[in-house]
There are 2 protein chains.
Amino acid sequence: MSGKTVLIVDDEPAIREMIVVALEMADYECIEAADALEAHALIVDRQPDIVLLDWMLPGTSGIELARRLKKEDTTADIPIIMLTAKVEEDNKIRGLEIGADDYITKPFSPRELVARLKAVLRRATPPGIDNPIEVDGLILDPSSHRVTANDASLNVGPTEYRLLQFFMTHQERVYTRSQLLDQVWGGNVYVEERTVDVHIRRLRKALGERHDYLIQTVRGAGYRFSTQPA
Amino acid sequence: MSGKTVLIVDDEPAIREMIVVALEMADYECIEAADALEAHALIVDRQPDIVLLDWMLPGTSGIELARRLKKEDTTADIPIIMLTAKVEEDNKIRGLEIGADDYITKPFSPRELVARLKAVLRRATPPGIDNPIEVDGLILDPSSHRVTANDASLNVGPTEYRLLQFFMTHQERVYTRSQLLDQVWGGNVYVEERTVDVHIRRLRKALGERHDYLIQTVRGAGYRFSTQPA
DNA sequence: CCTGAGTGTTACAACTGTGTGACAGCTTTT
DNA sequence: AAAAGCTGTCACACAGTTGTAACACTCAGG
């Protein structure tokens, strides 16, 4: 039915096995890795649709791997769900900042896992080399690298384009300035957070009055792309 | 109190009867099925909150039914507790057992059964930070940082949002102003207790007449979030 | 009916977060 | 080499938010 491939990265064989069973029942194809290196190789090789990544790994930590994946163009679009052992607020936030698309705290039920997986896969539009996204007449077409509204091409700068693409593939969710810097600018650049504001402004301006409502400010939190007018 | 519906699937009428008695004493509504086919029909028809599923069934085995339920979207979210006759140490079997949301080995005490049931049901709707919480049409969605009623976004300020989130994850219990300051404002700020009153007022106003009954004053004690109109 | 404590409500000044335009350094195009 | 475009940062303007005080109201007990 779905046939999606899931990479499970955890050093505990028992946990991997449990997840594999749960996911195979839900008709996912599973591949496994015990450490970050093996995981990285498998990701490049097999290009899974999503990665389940344990927080604690021997050697390179899970978060380190996540950061690296998000940095490389070929892997940046693969959704990541972090598995964390304890309920750690800091970890959660750090994980999301780095680019994990969701996180689950152990212990979790297989049902919960599958539900989250589905949600993330639904949300994350596949790397869409040529998968135009359309929202309320606004069209972003990655294949032609163009943004269109009412058959008229909009003049959108490179950064604004990436920003818009990220937003359109991650709608209805708030992102902090920090998260946006990680996701759109790419993890390890040092840029002021307020810079995001400026590019948001430029993006809104480029979208015009017809569509600028899509980029919404969430005071004290960040920004959100939503079709529902705030 | 709970009124949850439990489907009991077992081919032994005596065992079903024992379970029914135990669960009805704990205020669960019970429906029964003797085989997989009957069970499947009842699940689709009655949408129970949880399924108690015997491992060994005539015809289609219990695990077969479980797999099918998890595959179909309309039933995948219903938790399953497996009843197994023997203790199987084999990893694969254990994995399958865990593939359900919990399992119990016969013989078991009624008290244990009820305890497991409660635990699974509690996990089924985790008060997780990032799952939307819904009460009487009022929805708070942390991922989009939004409060909605009747498909319309409510205008809730940052502090009111945090306050509401705390209340919705801690319903049916009174909190003093001091406790609320600790929990919502964060332990070490010096703020007058009466400030809580003002934000309660703002929150009520934001919720509107439709929902402001949820925030209840407990004279001399503090405030409470409850679905029962005081 | 009166009283005092507890709570609701409003107004407001200080504060904080965000919008906006300008600008200098850079890179790419011409 | 010049022009055009892009980027990041800043300063200032502006609007939303916050905590507090003041006053109005409610409730329980005498």
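In the text below, chain A, chain B and the rest are named by the order of the sequence lines, each starting its count at 1.
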Starting at the 5' end of nucleotides 9-16 of chain D, put B wherever the base has a protein heavy atom under 4.0 Å, S where only the sugar-phosphate does, and a dash everywhere else. BB----BB
Just the rounded figure in Å: distance from P of D/dT17 to NZ of B/Lys205. 13 Å
Look at the side-chain N and O atoms of A/Thr217 and state whether any lies under 4.0 Å from the OP1 or OP2 oxygen of C/dG19. yes
Within the structure shown, what part of the strands sits under 4.0 Å from B/Val218 by heavy-atom distance: base, sugar-phosphate, or nothing? sugar-phosphate
Identify every side-chain donor-acceptor pair in residues 205-212 of chain B under 3.5 Å, counting partners at least two apart or on other chains, and give the distances.
residue: B/Arg210; atom: NH1; partner: B/Asp136; partner atom: OD2; Å: 3.1
residue: B/Arg210; atom: NH2; partner: B/Asp136; partner atom: OD1; Å: 3.2
residue: B/His211; atom: NE2; partner: B/Asp136; partner atom: O; Å: 2.7

Rounded off to whole Å, could you give me the CG-to-C1' distance for the B/Leu203 and D/dT18 pair? 15 Å
In residues 148-161 of chain A, what donor-acceptor pairs under 3.5 Å come from side-chain atoms, sequence neighbours left out?
residue: A/Thr159; atom: OG1; partner: A/Arg162; partner atom: NH2; Å: 3.3
residue: A/Glu160; atom: OE2; partner: A/His199; partner atom: ND1; Å: 2.4

Would you kindly give the CD-to-C1' distance between B/Glu160 and D/dG19, to the nearest whole Å? 12 Å
Look at the side chain of A/Glu172 and the backbone N and O of A/Thr227, then say whether any donor-acceptor pair between them is shorter than 3.5 Å. yes
Set of residues satisfying salt bridge (Lys or Arg N to Asp or Glu O under 4.0 Å) with respect to A/Arg194, sequence neighbours excluded: A/Asp197
Rounded distance (Å) that lies between atom C1' of D/dT7 and atom CG of A/Leu181: 13 Å
Establish, with yes or no, whether the OP1 or OP2 oxygen of D/dG8 is under 4.0 angstrom from a side-chain nitrogen or oxygen of A/Trp185. yes
Distance in angstrom units between A/Asp197 CG and D/dT7 C1', rounded: 15 Å
Let me know the distance between CG of A/Leu163 and C1' of D/dC6, rounded to the nearest Å. 15 Å
A/Glu192: partners by side chain to side chain contact (heavy atoms under 4.5 Å, CB included), with sequence neighbours left out: A/Tyr190, A/Thr195
Using a 4.0 Å heavy-atom cut-off across all strands, classify A/Tyr223 as base, sugar-phosphate, or nothing. sugar-phosphate
Keeping the roles fixed (side chain from A/Asp49, backbone from A/Thr5), state whether a donor-acceptor pair exists under 3.5 Å. yes
Once side chain to side chain contact (heavy atoms under 4.5 Å, CB included) is applied, do any residues pair with B/Val198, and if so which ones, sequence neighbours excluded? B/Arg202
Please report the distance, rounded to the nearest Å, between CZ in A/Arg177 and P in D/dG8. 15 Å
